[in-house]
Amino acid sequence: MKGFSTIRCNLLVGSALAICVMGGQGTAQAQSAPPADQPAPAEPKPQEIVVTGSYLGNIRQENRASPILAVDNAAIARTGSSSIGDLTRFIPQNVGSTGGLQDLSKGGADTRDTRSANLRGLGAGSTLVLLNGRRVTPQGGDDYVNLNSLTPDIAIQRVEVLLDGASSTYGADAVAGVFNVLTDTRFTGLKASAQFTSVAKSPAWNAQAMLGVGNDRFHTVLSGSYRFQDNLQNSDRAVTNFFNPTAAGYPGSYLLTGRPLTATGGHVVINGNDYTALYDANKSATGTLKVVDPNCGADGTNSIYSPASGATFGLGNCLYNFQPKNPIRPRARSINIHNDTTFEINDANTLFAEISYYHQDSQRFGVPSYAQNAGNATMPASNPYNPFGVDVLFYGRVIGAQGFPGGYEYRVMRDTVNQQHYVAWARGSLIGRWKYLATGTYSASQTIARDRDTDMNLFQAALRGYGGPNCNTNFLGGGSGAVAGQGSCLYYSPFQANLAQMDPSLIHNLQSDVFTDFKREYYIAEAVVNGPLASIAGHEINVALGAQYRREKSTTTYSDLLLSGYGGFLGKHLNTAFSREVKSVFAEANYQPIDSLTLNLAARYEDAGGYSKAVPKVAANWRPTEWFSLRGSYSKAFQAPTLANGSASLIGTNVVNVTDPVDGTTSFRTIQTYGNPDLKPQSSTVYNIGATFVPKRGARFSIDYWKYQFNNQISTQNPQQVVNTAPNGSAVIRDPLTGTLQSVIVTSFNAPSGTKTAGLDLQGQYAFDAGPVQLTLRDTLTYLLAYDVDTGVLLRDANGKVTGSVVYDGVGYRNAFTQSPTSSSAAPRWRSVAGIDAGYGPHTLSLTWRYTAGVKDDYGQSLNTSGSGAVVPTVATSVSAFSVFDAQYSLNFGKEDRYALTLGVINMFNTAPGFAKYNGYLPSIADPFGRQVYARIAAKF
């Protein structure tokens with residue numbers, strides 16, 4: 001068992017992270033004794049160790065009651081992950097991370113290389129992400145911490161994931177747990193690595209280096225990385241390249257404002273269809289008629305004609321397929337620089353500084369233009385391209401699948417992210433064995449998101465003949481000296497048949513640059529003291545006392561077109577600026593009444609800008625024998641509304657696919673999100689009970705039961721539910737002329753019953769020698785017992801008194817019912833990561849099986865919210881399970897194993913994700929990348 005005896009994988013009590021054991025053998029080699037002819041390395045100075053979830057120093061993790069997953073840098077390398085965000089796919093307890101992959105069904109696009117943590121599927125806002133135990137500001141524009149931005153992967157010493165409520169220790173947003181990334185602050189020497197990952201149509205690179213120098217008192221570690229990933233489009237994968245129509249496209253539709261006639265007074269006949277006769281037979285009481293573009297359904301337009309019931313060509317909708325032109329992921333380049341510097345003033349006191357800088361440039365290649373949801377443009381009868389002889393209103397997109405003359409093929413959204421993180425702290429001794437830690441942190445993120453939309457004034461000018469960048473136009477049309485259609489003034493035609501005749505310079509009138517500037521800032525000061533308080537029956541009570549001050553600032557600034565509301569699709573926006581102060585005090589105590597029993601108590605009082613409450617946590621760990629231990633914890637948490645959610649203003653505008661129940665059309669609509677000053681804080685109760693068995697050396701098995709119960713959970717309305725409930729209500733904005741659905745107003749609300757989720761975490765590993773080969777068998781899985789989703793739809797008795805709300809069990813469902821709040825996640829019953837690792841001298845081989853169960857695809861279906869009968873209807877379609885195999889081979893070579901060559905494959909059998917309605921696949925369950933082959937070379941000096 002020699003190979004196993006040196007494993008330092010930190011598989012802690014309650015650990016359930018399968019990849020942890022993957023790093024074992026490599027770490028064992030690093031820890032092997034030096035040759036006899038070399039002097040043993042100097043013993044490092046003893047350091048106080050503070051584990052995730054505790055402010056107490058030198059408390060052994062195996063005596064803690066909260067389950068923690070821990071994995072070191074070598075283990076991360078064995079997964080083939082090229083970023084910290086990729087690590088989430090190896091954590092079964094992490095469900096529904098957002099960012100990095102397109103999910104149109106949730107609304108909007110992922111324009112940046114991002115990834116959130118989302119433990120238990122309770123939302124990114126319920127998982128606290130830390131860097132070296134300290135808070136990091138959410139990334140501007142995403143409002144969650146981007147795991148990929150924290151630090152270069154090469155700098156990571158280990159990642160610890162606390163799978164238990166930690167609000168009493170860290171604050172309100174640690175309801176579901178903590179994701180803590182710890183860097184190697186004592187590294188000495190130089191190491192570098194480069195990895196190339198071959199993904200069909202979307203290759204990726206990751207180059208990194210790390211340098212550590214110093215002496216007994218001073219030490220600094222500098223690391224840097226450069227990452228690149230190419231864009232991947234829906235057209236590049238069969239599962240996403242399907243006909244996914246919208247009623248607002250190109251070719252579009254036209255509202256005839258009068259009887260169409262030719263210049264000579266005859267009937268208008270186009271492609272054999274008599275539009276004058278069609279008008280005479282079907283005009284409305286107001287003398288209008290909506291018809292589709294005469295070229296609807298023509299080859300190369302990505303459109304089909306959907307006739308109205310019993311209609312000949314012309315009446316109905318022109319369905320446009322935007323799917324191939326949208327992305328799966330963006331093209332992104334990022335630079336990450338991190339520095340840790342330590343200065344020991346004396347043996348008892350240390351100063352520390354941490355600096356991080358992250359920069360990303362990304363490009364999202366999407367459909368050439370948005371639809372027009374914010375108003376209509378009129379093509380006058382005087383426009384020479386107008387075949388109807390009367391004014392017509394245009395509905396659709398100004399540019400279709402073919403793009404626009406001059407090489408305009410995609411609408412490219414360009415985002416820039418700049419993030420900085422500065423920490424300075426001091427720690428040392430006070431009196432006796434009491435220690436102190438004082439920390440100051442400034443963390444800031446800025447994202448400038450650049451997009452393009454149609455300026456409806458410029459668009460209207462081009463329809464009137466005042467198009468082009470050199471035409472003198474004003475708000476009313478042509479300016480001084482401008483003549484419609486003459487000189488530098490051009491006519492634009494939105495008719496498909498005329499596309500090839502359009503001057504490329506008309507792009508000036510069809511697409512205007514817009515931008516949004518997101519800024520997020522944290523100012524944090526924290527002080528903690530810890531030490532022995534007293535001794536009872538020969539056992540010490542260790543305590544930690546602390547206070548934290550945090551100032552949060554959030555500003556969002558929009559360009560003029562977005563502020564004006566004249567953007568054709570993106571709608572009206574408002575600049576916002578929010579700030580608040582969060583003040584808290586906390587205490588923690590640890591006591592062993594007997595050697596086998598450890599008790600832990602913690603409490604935190606937090607005041608978040610008027611929302612205040614004290615929350616406790618009680619935990620115990622009992623180890624009656626060396627091979628068996630029991631643990632349990634109970635904690636409470638409360639979480640105030642976010643800065644924006646608690647306001648009374650318009651806080652965000654995005655786009656979501658919505659079906660109009662009035663006319664049955666499905667299209668992207670503008671969604672305006674307003675804050676709610678009447679929101680109450682949400683609260684939660686968390687339970688965990690578990691056991692660990694160590695029947696023999698090299699074998700470890702653990703099981704944990706966990707349960708989270710939210711009350712007054714803060715959720716956001718589903719826009720589809722808003723429209724279905726009141727199709728013509730005040731929250732539904734329609735075109736005053738035609739009644740076409742344009743936008744929907746949604747707000748946050750307190751779900752009375754909240755979400756309740758519970759399940760089992762099981763983990764097992766067995767490491768042994770088979771002759772000269774060291775083998776490790778491993779399996780980790782999460783089994784979901786409950787995922788009760790509160791729809792927010794109120795139930796009332798005969799007297800109208802609220803008796804509760806409609807709640808349904810979402811286990812095994814996609815949870816995209818029309819009444820499901822947007823915060824709900826797909827809830828597969830099983831998630832598992834299993835595998836085998838083999839080590840033979842300098843060779844290491846790993847095989848991993850990742851399995852996520854399928855779910856029923858309820859997208860677009862409605863729940864029964866009547867208050868009687870079954871709430872969940874029969875769902876006939878399903879998203880199949882995602883089952884993939886990964887493999888990796890590593891070879892260490894050179895003097896002192898200085899070099900390492902790694903070859904690996906992710907999803908070796910090229911398994912495609914199960915098909916999901918509308919999006920093609922579910923990013924929370926699977927990815928559409930297919931087989932990924934990677935090669936990595938590393939060196940250390």
| task | Just do the salt bridge (charged side-chain N to carboxylate O under 4.0 Å, His left out) check on Arg604 and Glu588 with the steps written out, would you? | result | CA-CA 9 Å; Arg604 187 182 188 100; Glu588 183 182 0; over 6 Å; no

task = May I ask you to establish whether Arg427 and Phe352 are in a cation-pi arrangement, using a distance under 6.0 Å from NZ or CZ to the six-membered ring centre and at most 45° from the ring axis?
result = no

ask   = Within 45° of the ring axis of Trp622 and under 6.0 Å from its six-membered ring centre, is that where the NZ or CZ of Arg631 lies?
value = no

Between [X] and [Y] (salt bridge meaning N to carboxylate O under 4.0 Å), is one present in this structure?
X      : Y      : value
Asp886 : Arg78  : no
Asp164 : Lys617 : yes
Asp788 : Lys756 : yes
Arg135 : Asp173 : yes

- prompt: Looking just at side-chain N and O atoms, do Thr79 and Ser81 make a donor-acceptor pair shorter than 3.5 Å?
  reply: yes

Q: State yes or no: are the ring centers of Phe701 and Phe693 separated by less than 6.0 Å?
A: no

| query | Does the gap between the ring centers of Tyr783 and Trp830 come in under 6.0 Å? | reply | yes

Applying salt bridge (charged side-chain N to carboxylate O under 4.0 Å, His left out) to Arg550 and not counting sequence neighbours gives Glu552

Parallel, tilted or perpendicular: which describes the rings of Phe586 and Tyr55, with under 30° parallel and over 60° perpendicular? parallel

